[in-house]
Amino acid sequence: MKTMIVADFSTMRSALLQLVGICLIIAVFMGVVADTVVGAIAAITAMLPFMFLFSLAATDEQNGWERFRLTMPITRRQVVFGRYASLALLTIAAALFGLLLAAVIIGVATALPAGTAPAGLTAEANPPALIIGATAGTVVVIAVGSSVALPLITRFGMTRGARIVPLVVVLVMSAAIGFIGDGAAIDSALAGLAQWLDTGNNYLFLAVAMLLVVAAIYVASAFLSAKLYEGREF
C-alpha cells in the first residue's frame, strides 16, 4: 500500500502543485467577493480531493499504465487500498489547508481598520463552531462522494465510471430528499439542528460523530472496491 501512495503522489506531483494554486485562487476569490470564509474553506477542502481523484483515474488509463502496474510486485487489493489511503491523506491535508487559509483571512480582515474589510470575513462573523462545522461538513461530503465514485471507477474505469457517477449521485440525493420530506420539513430540521449546535460543545460532538460514521462508510467502500477490482478483466 505504501508503494501505491508514493506512486500516486509522485505521478501527481506537478499537477498537484497546479491544483493547489488554482484552488487557492478560487478560494480567496470566493471568500473576498462572496464575503464568506466558509466558502473559501469549502472550495479548498472539496476541490483538491475531487480533482486529485479524477486526475489520477484519468492517468491510470493513459498509455496503459493501469495494466502495466499489475505486472509489478503489488496485489490488486494493495492498489485499491493505496488509492483510498492517498485520497484520505490528501483530504486531511486539504482540510488543514482550508483551516489555515480561514485563519489567515480572518486574521487579516480583523486586523484591518473597522469598516475596511467585509463584515463576513471578521472573527465576530466566524466563530470556531462555524469554521469547525464547515470543515467537518465538507470532509463528510467529499468522503461520501468518494465512497460512491471510487467503486464505480474501480470497476468500470475512469471513462465509463465518470458517466455513471453523476447518475448514481443524483439518485442518492433524490432518495435522501424524498426520505427527509418537503422543504418545510428540511427547514425545520435545520433550524432545530442550529439551535442544538449552539448549546455547549454540541458542534464538536456532531463533527466527531459525522467523521466517525463517514470513516466507516469509507472503509466499507474500500473493501467493496477491492472485491470489484479483483474480479475486473483488462
Side-chain angles (χ1 to χ4, degrees), residues 1-28 30-31 36-60 77-107 126 128-151 153-154 165 169 201 203-226:
M1 187 171 70
K2 180 181 178 180
T3 302
M4 268 297 299
I5 296 174
V6 173
D8 282 347
F9 284 104
S10 297
T11 301
M12 291 295 296
R13 181 172 51 190
S14 59
L16 188 57
L17 292 175
Q18 296 175 5
L19 293 178
V20 170
I22 293 172
C23 292
L24 181 60
I25 293 173
I26 294 175
V28 173
M30 288 182 61
T36 169
V37 175
V38 171
I41 294 175
I44 287 289
T45 309
M47 290 178 62
L48 268 177
F50 264 140
M51 294 173 71
F52 179 80
L53 168 60
F54 286 104
S55 296
L56 265 180
T59 301
D60 284 345
R77 291 177 69 87
Q78 289 174 327
V79 170
V80 173
F81 292 152
R83 178 59 50 82
Y84 272 78
S86 298
L87 186 58
L89 289 173
L90 185 67
T91 301
I92 294 172
L96 295 176
F97 187 30
L99 288 173
L100 176 61
L101 179 62
V104 171
I105 293 176
I106 294 172
N126 296 279
L130 178 64
I131 301 301
I132 293 175
T135 304
T138 306
V139 170
V140 166
V141 171
I142 294 303
V144 172
S146 300
S147 298
V148 174
L150 276 167
I153 294 174
T154 301
V165 169
V169 171
N201 292 322
Y203 68 92
L204 289 176
F205 171 78
L206 180 61
V208 172
M210 287 194 307
L211 292 175
L212 290 176
V213 170
V214 81
I217 295 174
Y218 194 73
V219 171
S221 175
F223 280 96
L224 173 60
S225 292

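Please read these numbers as outputs of a predicted model, since none were measured by experiment.
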Legend entry - Partner of L24 under side chain to side chain contact (heavy atoms under 4.5 Å, CB included), chosen from V28, I22, I26: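 Going through V28, I22, I26 one by one, the side chain to side chain contact (heavy atoms under 4.5 Å, CB included) with L24 is satisfied by V28 alone.
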Considering all heavy atoms of both residues, which atom of [X] and which atom of [Y] are nearest to each other, and what is their separation?
| X | Y | answer |
| --- | --- | --- |
| A85 | M1 | CB-SD, 4.2 Å |
| A143 | Y218 | O-CD1, 3.9 Å |
| I142 | P49 | CG2-CB, 3.8 Å |
| T154 | S225 | CG2-O, 3.4 Å |
| T59 | S55 | OG1-O, 2.8 Å |

Return all side-chain donor-acceptor pairs below 3.5 angstrom for residues 91-102, not counting sequence neighbours, or 'none' if the list is empty.
{"residue": "T91", "atom": "OG1", "partner": "L87", "partner atom": "O", "Å": "2.8"}

If I take atom [atom1] from residue [X] and atom [atom2] from residue [Y], how far apart are they, to the nearest 0.5 angstrom?
| X | Y | atom1 | atom2 | value |
| --- | --- | --- | --- | --- |
| L56 | T11 | CG | OG1 | 7.0 Å |
| L19 | M47 | CG | CE | 8.5 Å |
| L224 | L150 | CG | CG | 10.5 Å |
| I217 | S147 | CD1 | OG | 6.5 Å |
| M51 | L90 | CE | CG | 11.0 Å |
| T135 | L211 | OG1 | CG | 10.0 Å |

Inset, instruction - Not counting sequence neighbours, which residues clear side-chain contact (heavy atoms from CB on, under 4.5 Å) with A57? List them please. - result: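 I153, M158.
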With a 4.5 Å heavy-atom cut-off, do [X] and [Y] have their side chains touching?
| X | Y | result |
| --- | --- | --- |
| M4 | D8 | yes |
| F50 | S146 | yes |
| V139 | V214 | no |

Inset, instruction - Would you check if the distance from the ring center of Y84 to the ring center of F223 is below 6.0 Å? - result: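 Judged by ring-centre distance (under 6.0 Å), Y84 and F223 do not meet the cut-off.
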